[in-house]
Each structure stands twice: as C-alpha cells, then as structure tokens.
Amino acid sequence: MAAMTEEIDVLLGLIKNPVIEREGMRDFVKGTLEGRACVAVFSRIGKVAAASTATLLIQRFGVDSILFAGVAGAIEPGLKVGDIVVGREFIQWDLDARPLFEYGEVPMLGMTRFPADERDTARLRKAIDRVLAARASDPENSDLTPHLTIVTEGLIATGDRFVGTQAENSRIRSLLPDAKCVEMETAAVAQVCYEHGVPFAAFRILSDSADDSAAMDFQEFLREKAGPIAAQAVVEFLRLPE
C-alpha cells in the first residue's frame, strides 16, 4: 500500500498474473509476488483516503497483514534525504482534543500511539538492510551519496498537512521530540489495523527535510529513488521467512 502512484508503480510491474478490481474509486491489483498472494493499491493522499483503503483491504479483500511504503519529511535532526525510517509507533500529530483528551489521543479508543507489528517490523528492517547492502555494492549506484544511508526505527507522525516550513517542523518537534519523520497516512492505517486486529508495518524514505526546501525535486526523487527502493524492499520482505 502506498499513497502515490510513483511510490508503487515499480512494485505493480513485478506482480505476476495481475487482476485489477475496482472498489471505492480505487484499483486494487491482485496477483502473486515472490510466490505469495498479494493485493497492491495506492490509497491516495491523506488520513481519510488511507483509512478507507485499509478498511477495504481488510473487509473486501481479506488481507492478513498490511505493509505501507512511501516517502516522508525528516523531523529528527541529523536525518537526511535518502535515509529510511522503519515505523515502531505511529501518532496523528494533528489530532488534538484537549482538554477532553490528551494530545494525540484518539477519542473513545484511549490510545495516542499505535504500535507496529513486531514480527513484520523485524522482517522489514532485515529486508531494507539487504536492499541497501546490495545497492551499495553496485558501482553504478549513485543514489546513496552524498552520505551513507541511515536506517532508523521509531515514531512516525502523521497529519493532514504537508509540512513545508521550518516553523512547522519546529512546532511538531516541540510536541513530539522523539518523532523521526512526518507524513500523511500511516497512523490512520495503523489505527484501522489495530481496531481490526491486523498486523501492520511501514517504512518511509525521507524525501525532504520538512522545512522551507521541502518541495524541491520531489517528483524526481519519488520516481528515480523512492519507488525502486520501496519495490526492492517489499520483494526482499516477502522472500524472508515469517
């Protein structure tokens, strides 16, 4: 599952015997990947779109787990474009029903942070490490420069707003000092998976610094870097034993 076509197009091309089913104004691509039955879909951008798509995956297609891949903006100081964040927890940074509830708490659910599935997250981290090791050993690869790609794990913050100024970046960091990055979908999917008892894992490739330079070369990064790396990571994830 991904939020934009550029994040999932490469992966769609790898699915064998694809069959497209139209549901809820979305194209769900069913087929096999690495010998495993799968359904791939791009959710479109934002929490409502992502939650709706996740619900369809669970209720209409009966998936037994969901994996989300995409890009994000860096929040933690020191993280750079091209680094990868594997989600351990997910929170909606723009959800604030104080004083009735704590900051970030989902009303009536009593939770602020939704955990990733530990087993799938461990497989995902191993898969990403394999992909980066293979790419680093290829002399024709230049997408890991100018620095060695860092893979980190932790809190991913989700909100229905593209964070594109240093002021917004700093405000979110003050509210969530342990957040690694910001994006617009995964906490919503994590909540749906939690409520339905479906394992969830996610990773985000950092495309920008969530500041005043965030919009620069975004589409090129999606097409040339994030899409291929995301597809390779999903393939390696499926190759690993459960």
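In what follows, every heavy atom counts, from backbone to side chain, and hydrogens, waters and symmetry copies are set aside.
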*asked:* One pair to check against side-chain contact (heavy atoms from CB on, under 4.5 Å): Met1 and Ile66. What are the steps and the verdict?
replied: CA-CA 7 Å; Met1 180 176 172; Ile66 293 179; 4.1 Å; yes

- Query: Judged by atom type as modelled, is there a donor-acceptor pair below 3.5 Å linking the side chain of Ser137 to the main-chain atoms of Ala134?
  - Reply: yes

What one should report as the nearest heavy-atom pair of Leu238 and Arg123 is CA-NH2, 4.0 Å

* Verify whether one side chain among Arg135 and Gln232 offers a donor that lies under 3.5 Å from an acceptor in the other. => yes

A side-chain contact here means heavy atoms from C-beta on lying under 4.5 Å apart; do Arg44 and Met25 qualify?
yes

Residues Ala2 and Ala69: closest non-hydrogen pair is CB-O, 3.3 Å

Tightest non-hydrogen contact, residues Leu67 and Ala202, listed as CD1-N, 4.3 Å

Looking just at side-chain N and O atoms, do Thr158 and Glu183 make a donor-acceptor pair shorter than 3.5 Å?
-> yes

So Asp27 and Val41, do their side chains get closer than 4.5 Å, heavy atoms only?
no

Q.
Tell me whether Glu168 is salt-bridged to Arg171, with the criterion being a basic N under 4.0 Å from an acidic carboxylate O.
A. no

inquiry  = Would you say CD of Glu102 has more than 12 non-hydrogen atoms from neighbouring residues, nucleotides or ligands within 6.0 angstrom?
reply    = no

Q) Within a strict 4.5 Å, meaning less than it, do heavy atoms of the Met4 and Ile45 side chains meet? A) yes

- Message: Could you check whether atom CD of Glu34 has more than 12 heavy atoms from other residues, nucleotides or ligands sitting under 6.0 Å from it?
- Response: yes

Donor-acceptor pair, Asp83 side chain versus Ser207 backbone, under 3.5 Å?
no

Does any N or O in the side chain of Glu7 come within less than 3.5 Å of the main-chain N or O of Ala3, such that one atom is a donor and the other an acceptor? yes

- Message: A side-chain contact here means heavy atoms from C-beta on lying under 4.5 Å apart; do Gln191 and Gln92 qualify?
- Response: yes

Any side-chain heavy-atom pair of Leu11 and Leu33 under 4.5 Å
yes

Measuring only between side-chain heavy atoms, which start at C-beta, is Ile75 closer than 4.5 Å to Arg173? yes

Between Ala233 and Ala127 the two heavy atoms that sit nearest each other are O-CB, 3.6 Å

Sequence neighbours excluded, the answer for side-chain contact (heavy atoms from CB on, under 4.5 Å) partners of Leu12 is Ile8, Asp9, Ile15, Val29, Ala40

Check your understanding: With a 4.5 Å limit on heavy-atom distance, are the side chains of Phe203 and Val151 in contact?
Key -> no

Between the side chains of Arg26 and Thr53, does any donor sit under 3.5 Å from an acceptor? yes

Scanning both residues in full, the closest heavy-atom pair of Ala116 with Thr121 reads CB-OG1, 3.3 Å

Notebook entry, point to check: Do Glu21 and Arg60 sit within salt-bridge range, that is, some charged N less than 4.0 Å from a carboxylate O?
Noted result: yes

For this session: May I have the step-by-step check of salt bridge (Lys or Arg N to Asp or Glu O under 4.0 Å) for Lys47 and Glu185, ending in yes or no?
Result: CA-CA 5 Å; Lys47 293 191 294 184; Glu185 295 85 24; over 6 Å; no

Checklist line | Donor-acceptor pair, side chain of Arg88 and main chain of Leu155, under 3.5 angstrom | finding: no

Quick check on Tyr194: does its OH atom have over 12 non-hydrogen neighbours (other residues, nucleotides or ligands) under 6.0 Å away?
no

| query | Does a side-chain N-to-carboxylate-O contact under 4.0 Å join Arg125 and Asp120? | reply | no

Ignoring hydrogens and geometry, is there a side-chain-to-backbone donor-acceptor pair from Arg204 to Val71 under 3.5 Å?
yes

Exercise. Do Val189 and Phe90 pass the side-chain contact (heavy atoms from CB on, under 4.5 Å) test, and can you show the C-alpha distance, the side-chain angles, and the key distance before you say yes or no?
Worked result: CA-CA 9 Å; Val189 180; Phe90 311 93; over 6 Å; no

Test salt bridge (Lys or Arg N to Asp or Glu O under 4.0 Å) on Asp178 and Arg113; report intermediate values, then the result.
CA-CA 12 Å; Asp178 58 334; Arg113 301 183 179 205; 2.7 Å; yes

Q: Go through the steps for Tyr103 and Thr112 under the test side-chain contact (heavy atoms from CB on, under 4.5 Å), then give the verdict.
A: CA-CA 8 Å; Tyr103 165 69; Thr112 58; over 6 Å; no

Side-chain heavy-atom pair Glu89, Phe114 within 4.5 angstrom cut-off: no

So Asp117 and Ser65, side-chain contact (heavy atoms from CB on, under 4.5 Å) or not? Walk me through it. CA-CA 9 Å; Asp117 181 78; Ser65 65; over 6 Å; no

Crowded around Arg239 CZ? As in, over 12 foreign heavy atoms under 6.0 Å? yes

Quick one: does any side-chain atom of Ser170 pair with a main-chain N or O of Gln166 as donor and acceptor, under 3.5 Å? yes

